[in-house]
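Order of the sequence lines fixes the chain letters, A, B, ..., with proteins taken first and strands second; residue numbering starts at 1 for each chain. Here the structure is a predicted model, which is why all the values come from computation and not from measurement.
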Number of protein chains: 2
Amino acid sequence: METLRERKKQRTREALLRAALELFTTRGYEGTTVDDIAETVDVSQRTFFRYFAGKEEAALAVQEMTVNRFVESVRERPPHEAPLEALRQAVLDGWDTLNEVVESVVPVELYLRMFRVIESTPVLLAAHLRRSEEVEEVLARVLAEREGVDMDTDPRPRLTVAVFGGVMRVTERQWTTGEDFSLRAMRDLTVSHLEQLGPALTGSWRTDTSGHPYTET
Amino acid sequence: METLRERKKQRTREALLRAALELFTTRGYEGTTVDDIAETVDVSQRTFFRYFAGKEEAALAVQEMTVNRFVESVRERPPHEAPLEALRQAVLDGWDTLNEVVESVVPVELYLRMFRVIESTPVLLAAHLRRSEEVEEVLARVLAEREGVDMDTDPRPRLTVAVFGGVMRVTERQWTTGEDFSLRAMRDLTVSHLEQLGPALTGSWRTDTSGHPYTET
DNA sequence: GAGGCTAATGACAGCCACTGACAATTGACA
DNA sequence: TGTCAATTGTCAGTGGCTGTCATTAGCCTC
């Protein structure tokens, strides 16, 4: 961002993004038109579409940043860590350093509100899930390389990442709909759910192994 | 479907669905307009929207049937089966009896082609994934009830279903992009992937436990 | 620092998915 | 058979999104 032109572009994009998130989190995603966003920033609708492929992309732009950061984080994990452990550490690290990544673009508080909007807006949730699947493919490749296995013949990389992704989606869902919507809560939920993964998969739950007696009723 | 009116409605819906899938699988989803579909069946565009909430719904209608069948199948599993085992049996049963369920509406061959279209069309894949998440919520509830645990305090039902769902998505993806696109292949892949689940999650893969030596390179 | 070059924007027209409203039609049923 | 209700068609309109072309505005050279 050296020239004036580039700085101007940067500012326009940022303004559009900020306006979009602000409107989405107040009027709702469906309740906001692209014209609304463009008008807020005082550019033409056409210009909006030159910065974002669509309404969706604007809504998910910040998430995209954090996800990319997460993938990089996995890449940089020490090779001695087991696959699931590398994913776990990378995710936790992501939540711990969320502030630095997000705040440079939009207030974290806005990011968090947007998280809930995504989770509660069907079309956005769908796009988010599809994107997650794409990311899982990349992660599987990273893990396969780390462990020196061939993804084309060995299903374990994809399976591991899919399992991990499944746990994370459950976590996100519970987090966004729960009462404690803080980063700390997200971190704790992540740890807790990953710990529960083993017990959940081992046979019947009637033999209590998790501190959740089924006799409570 | 007793009266003439009801029969006519049934036929219109079926014709629309068939026409939609036929067009989607030949011209592609994006390459097909709702007007195309309506015109093929010789009804107005408005009528199409009276039968389907949107293009998406038409594209996913048959999948919806099989998914609902799957959920029912899980509900009817004998209570002594462990959660994962119940899900496994229900899925395999679903593939084994797919013909009977699907053929009553559209040719199975059309259903299979549509499966690939869904997997390769971003917006359809997204919708499919979102729907899967909804189903997972239902399944978690079924499992929780079976096992007598409280879903609100015990994350294991949701975790188990999410893990299972993750495995199934990996399976679907490999199936639709692989060379052997037969029901038999889907069944085998499902069994194989579920078997690999354990090995995939237990620590490092460098200690070979799966018949996939990493020394192939 | 004037003028040419190129990138960014605006204005406009148009496509497609989808919806509301109302009129026309057609099966149901007394 | 005539009335009632459900089904459908028509029309108008909104919103997301794209292509096109003229206009503007930063950039760079002479």
Side-chain angles (χ1 to χ4, degrees), chain A residues 1-17 19-21 23-24 26-61 117-118 121-128 130-131, chain B residues 1-17 19-21 23-24 26-61 117-118 121-128 130-131:
Chain A
M1 57 216 86
E2 192 55 32
T3 70
L4 168 62
R5 196 135 67 184
E6 277 166 330
R7 265 177 287 135
K8 229 176 176 179
K9 259 175 65 175
Q10 187 87 3
R11 264 187 285 127
T12 303
R13 192 194 141 87
E14 209 170 299
L16 280 170
L17 185 56
L21 297 195
L23 289 170
F24 291 159
T26 51
R27 304 186 199 170
Y29 179 74
E30 313 279 7
T32 305
T33 70
V34 173
D35 287 303
D36 291 338
I37 303 168
E39 200 176 343
T40 303
V41 184
D42 207 59
V43 296
S44 69
Q45 189 217 48
R46 198 65 183 83
T47 293
F48 173 89
F49 285 109
R50 289 200 176 96
Y51 283 93
F52 300 97
K55 239 172 99 175
E56 251 182 47
E57 192 179 292
L60 299 175
V117 172
I118 292 171
T121 306
V123 55
L124 285 184
L125 179 56
H128 174 63
R130 180 171 54 73
R131 178 62 185 143
Chain B
M1 56 217 83
E2 192 57 33
T3 71
L4 168 63
R5 202 180 256 169
E6 277 166 332
R7 267 177 286 136
K8 230 175 174 178
K9 256 173 66 174
Q10 186 88 3
R11 267 187 282 128
T12 302
R13 193 194 141 87
E14 209 171 298
L16 280 170
L17 185 55
L21 297 195
L23 289 170
F24 291 159
T26 52
R27 302 187 199 172
Y29 179 74
E30 313 279 7
T32 305
T33 70
V34 173
D35 286 305
D36 290 338
I37 303 168
E39 199 177 342
T40 302
V41 183
D42 207 60
V43 295
S44 71
Q45 190 216 47
R46 198 65 183 84
T47 294
F48 173 90
F49 285 109
R50 290 203 176 94
Y51 282 93
F52 299 97
K55 239 172 98 176
E56 253 182 44
E57 191 178 294
L60 300 175
V117 172
I118 293 171
T121 305
V123 55
L124 285 184
L125 179 57
H128 174 63
R130 180 172 53 73
R131 178 61 186 143

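Taking CZ of B:F24 as the start and NZ of B:K55 as the end, the distance is 5.5 Å to the nearest 0.5 Å. Note that the CD atom of A:E56 and the CZ atom of A:R131 stand 12.5 Å from one another [nearest 0.5 Å]. Taking CG of A:L124 as the start and OH of A:Y29 as the end, the distance is 5.0 Å to the nearest 0.5 Å. How far CD of A:E6 is from NZ of A:K9: 7.0 Å, rounded to the nearest 0.5 Å. The line from CZ of B:F52 to CD1 of B:I37 is 8.5 Å long, rounded to the nearest 0.5 Å.
Annotation: proximity of residues 49-58 of chain B to DNA chain D (heavy atom, distance under 4.0 Å) is found for B:R50, B:Y51, numbered in ascending order. Shown for residues 32-41 of chain A: no residue has heavy atoms falling under 4.0 angstrom of DNA chain C.
As rounded to whole Å, 17 Å separates atom C1' of C:dG27 from atom CD of B:Q10. Between B:R13 atom CZ and D:dT8 atom C1' the separation is 17 Å, expressed in whole Å. Taking atom CZ of B:F48 as the reference point, atom P of C:dC16 lies 15 Å away to the nearest angstrom. Atom CG in A:L16 sits roughly 14 Å away from atom P in D:dC17 (whole-Å rounding). Atom CZ in A:R7 sits about 16 Å away from atom C1' in C:dA7, given to the nearest Å. Rounded to whole Å, atom P of C:dT9 lies 13 Å from atom CG of A:D42. Computed from coordinates, the B:E30 CD to D:dG16 P distance equals 17 Å when rounded to whole Å. Protein atom CZ of B:R5 is 12 Å distant from nucleotide atom P of C:dT26, rounded to whole Å.
In this model, the phosphate group of C:dG10 is approached by a side-chain N or O of A:T47 to a distance below 4.0 Å at OP1 or OP2. Considering only side-chain N and O atoms, A:K8 lies under 4.0 angstrom from the phosphate OP1 or OP2 of D:dG26. The phosphate of D:dA6 (OP1 or OP2) has no side-chain N or O of B:K9 nearer than 4.0 angstrom. Residue B:T3 places none of its side-chain N or O atoms closer than 4.0 Å to OP1 or OP2 of C:dG27.
Closest to the side chain of B:Q45, out of C:dC18, C:dG10, D:dG9, is C:dC18.
In this structure, B:T26 contributes its side chain and B:L23 its backbone to a donor-acceptor pair below 3.5 Å.
Residues passing the side chain to side chain donor-acceptor pair (under 3.5 Å) test with A:T40, sequence neighbours excluded: none.
Partner of B:R27 under the side chain to side chain donor-acceptor pair (under 3.5 Å) criterion, out of B:T33, B:T32, B:D36: B:D36 alone.
Counting heavy atoms from C-beta on, the side chains of A:E30 and A:V123 come closer than 4.5 Å.
At a cut-off of 3.5 angstrom, the base of D:dG19 holds at least one donor-acceptor pair with the side chain of A:R46.
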